[in-house]
Amino acid sequence: MFVTILFMLSIESTIIVTLIACTVISFINLFYINKFNDKTKAAFFSTMITLSLLTVFIFAVEHSAMIQGFGEEQEEEINAFSLYVGIDFAKIAICTIIKTLNFLK
């Protein structure tokens, strides 16, 4: 997880880094614990299919709901700070949702 955050800082596409990290974490969790057998392979492929479908769904929901940045209720708290941080909060929100769903499985 820590290495993923470091890669997100240096690479432009945070969503690609998140998907690669989720794939690697799923691979390690499934194959290290259960070894290589047919059931583990099926579980890994179903995890990848689920991750792909959820990513498409998350993109659609995020773009239609426009969840990004700071809310109006946080205006007083962040008034002293610069609002230009150089981060696309929409991508960070998508990455957070994907990682959360990957770790809940």
Side-chain angles (χ1 to χ4, degrees):
M1 184 72 170
F2 181 70
V3 174
T4 304
I5 294 171
L6 291 177
F7 277 125
M8 289 174 114
L9 293 173
S10 63
I11 297 176
E12 186 67 30
S13 180
T14 56
I15 296 171
I16 300 297
V17 172
T18 301
L19 293 175
I20 291 171
C22 290
T23 303
V24 169
I25 291 169
S26 297
F27 185 85
I28 291 170
N29 282 341
L30 289 170
F31 290 110
Y32 181 73
I33 294 171
N34 298 322
K35 309 291 184 227
F36 285 89
N37 58 37
D38 291 336
K39 290 180 183 178
T40 308
K41 291 176 188 175
F44 179 73
F45 288 125
S46 65
T47 301
M48 292 300 103
I49 292 169
T50 305
L51 183 64
S52 302
L53 293 174
L54 284 175
T55 302
V56 171
F57 178 71
I58 289 167
F59 267 105
V61 169
E62 190 278 328
H63 287 296
S64 64
M66 293 187 292
I67 29 180
Q68 59 188 346
F70 298 106
E72 292 178 12
E73 63 274 359
Q74 297 171 330
E75 186 175 331
E76 290 180 22
E77 299 166 0
I78 62 170
N79 206 11
F81 302 114
S82 171
L83 294 180
Y84 180 72
V85 291
I87 298 173
D88 186 5
F89 282 101
K91 289 182 182 177
I92 299 300
I94 291 171
C95 293
T96 304
I97 295 168
I98 292 171
K99 285 182 183 177
T100 303
L101 292 175
N102 190 43
F103 291 133
L104 289 177
K105 64 175 177 92

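Worth knowing before you read on, the calculation uses all heavy atoms, side chains too, and leaves out hydrogens, waters and symmetry mates. In this text, all values refer to a predicted model and were calculated from it rather than measured experimentally.
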Keeping S46 on the side-chain end and A43 on the backbone end, is there a donor-acceptor pair under 3.5 Å?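 Judged by distance alone, yes, a pair lies under 3.5 Å.
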D38, CG: over 12 other non-hydrogen atoms inside 6.0 angstrom: no
What's the spacing between L30 CG and T47 OG1 if we round to 0.5 Å? 5.5 Å
Is it possible for you to say whether [X] and [Y] belong to one hydrophobic cluster, with membership spreading through side-chain heavy-atom contacts below 4.5 Å?
X   : Y   : value
I20 : I28 : yes
V24 : I16 : yes
L54 : L51 : yes
F45 : L19 : yes
I15 : V56 : no

Using side-chain contact (heavy atoms from CB on, under 4.5 Å) as the criterion, list what pairs up with F31, not counting sequence neighbours. F27, F36, T40, K41, F44
